[in-house]
Engineer: 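The structure's right below; bear with me while I get my questions together.
No hydrogens, no waters, no symmetry mates; every other heavy atom, side chains included, goes into these values.
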Amino acid sequence: MASERGGGTAPLKGEDRGPVAVLTTGNPLIARGGSGAYLAGFAEALRRAGRDLRLIGARPLSPGAGWGRMQADYLAPFDRIRMRRVLRLGPGLLARSPRAWQARLRRGGAPDEPLFTVPTAAEIAWAVQAVMAARPSLLVSNYFGGAAAFPHLPPDLPKAILSHDVFRLKRASAAAAGVTLGWPERYDAQEIEAFRAADIVLAIKQEEADYIREVAPGTRTVLFPITVPVPDGPPPPAAGPICLLVGSRSHTNDDGLAWLLSQVWPRVTALRPDARLRVVGRMAEAVPQPWPAGAEAVGFVDDLDAEHAAAAVALGPLRFGSGVKLKLVEALAHGLPAVATTSGAEGIAPAPPPALRVADAPEAFAACVAEALGATDPAGDRLAARALARERFSLEVAGARAAADLFAAADE
């Protein structure tokens, strides 16, 4: 399957460049969630820098996955899209096997398929052919799985990995919190091998860039933060002392919500009896009712902007994890001051209050929430949060800076 928006495909010298090819070995059609948003923001930053983009998807959309026709608007930054065993049908995509879309119709929705998977030998062989046909000037593997194709490609083609987060660091962080994660331990070693095989690794935050330099000293690292739209103008005033927590189901989010409800929220309401907590997204399903007073399981909403506009503070109560928490960055962009744990604030901290307050003990976290709710200049706090997001996470500032750094590294 290929869709085209235009642009040349030949690798050129000097001012004109060939396209950037992004190789993904998992499901590239995830429209929601941090991993999909990070890939989309990365692609948009490169597009705004004037580069044509090719998305190459090596993983077939299998009958077991249940994919059929679906909208591809999320993939808009890419000039061309080529996926194994997938056809274009109007504005959507269609798996070639009729069983795939029949299964999806029976299920009535998309599967919970990961964006990252380790490719098979057949997928690697197909990916190598697709990359060679695209004739890129730079190849980027989305996660480290696509690095399996690197040895089979020309040595003078710059090869990069968009790491998203570091599996080994996430496992270590979870173990420190007493949580065991489900992916195979061999991924940790495969990830390090991939980092060493790449010319460049793109890290989402400085802590992970430092780790990558340690385990792969011969590989260049570029900091490429998550990017989000940052609205113009002053944020609206909050509708009341509302705390907002947004997230999907995951080990990290489920654990953080349980800790917040059991250890933190009763302490918040003891300090601020009028405080309210709204938990939005599928993570609201993680902890059974009844919840403590003032806490509400909202679940999925059609208008997340309205939730941001009404809330006074965003929460990031995560006890372990890696990468950067998209929902907290989005809240800052909407002008919400944030209270987060050290893990929840990674990639955002250091940042001075009032935009971000960081605490790990339940008592300290609750005190920070009460302080944020009782701000003497709430309008100024909301402006500070939005200013932080614009400088550190906007496409116009952070995305443009990171794209320039990537292209400079590729030219070395």
Engineer: So, Arg282 and Ser248: side-chain donor and acceptor under 3.5 Å apart, yes or no?
Structural biologist: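 No - no donor-acceptor pair under 3.5 Å links their side chains.
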Engineer: For the residue pair His164 and Tyr38, does the interplanar ring angle fall in the parallel (under 30°), tilted (30 to 60°) or perpendicular (over 60°) class?
Structural biologist: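 The rings of His164 and Tyr38 stand perpendicular, inter-plane angle above 60°.
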Engineer: Looking at every non-hydrogen atom in both residues, tell me the closest pair between Leu138 and Leu157 and how far apart they are.
Structural biologist: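 Nearest heavy atoms, Leu138 then Leu157: N-CD1, 3.9 Å.
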Engineer: Is it possible for you to check whether Arg401 lies under 6.0 Å from the centre of the six-membered ring of Phe224, through NZ or CZ, and within 45° of that ring's axis?
Structural biologist: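 So Arg401 doesn't make the cation-pi contact.
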Engineer: Using a 4.5 Å cut-off on heavy atoms from C-beta on, say whether the side chain of Ile192 contacts that of Tyr211.
Structural biologist: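 The answer is yes, as the side chains (C-beta and beyond) meet within the 4.5 Å cut-off.
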Engineer: May I ask you to decide whether Arg171 forms a salt bridge with Asp188, counting only side-chain N to carboxylate O separations under 4.0 Å?
Structural biologist: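 Answer for the salt bridge query: yes.
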Engineer: For the residue pair Ser322 and Glu208, what are the closest heavy atoms and their distance?
Structural biologist: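 Shortest heavy-atom contact: CB-OE2, 3.4 Å.
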Engineer: Any salt bridge linking Glu191 with Arg168? Criterion: basic side-chain nitrogen under 4.0 Å from a carboxylate oxygen.
Structural biologist: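 Salt bridge flag = no for Arg168 with Glu191.
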Engineer: Donor-acceptor pair, Lys205 side chain versus Ala203 backbone, under 3.5 Å?
Structural biologist: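 No; zero donor-acceptor contacts below 3.5 Å.
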Engineer: Before accepting this row, confirm whether a basic side-chain N of the pair Arg48/Glu396 lies closer than 4.0 Å to the acidic partner's carboxylate O.
Structural biologist: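 Yes, charged N to carboxylate O under 4.0 Å.
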Engineer: Can you see which heavy atom on Pro235 is nearest to which on Leu383, and at what distance?
Structural biologist: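 The pair with the smallest heavy-atom distance is CD-CD2, 3.8 Å.
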Engineer: Could you tell me which non-hydrogen atom of Phe393 sits nearest to which non-hydrogen atom of Ala398, and how far apart they are?
Structural biologist: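 Nearest pair, atom of Phe393 first, then Ala398: N-CB, 3.8 Å.
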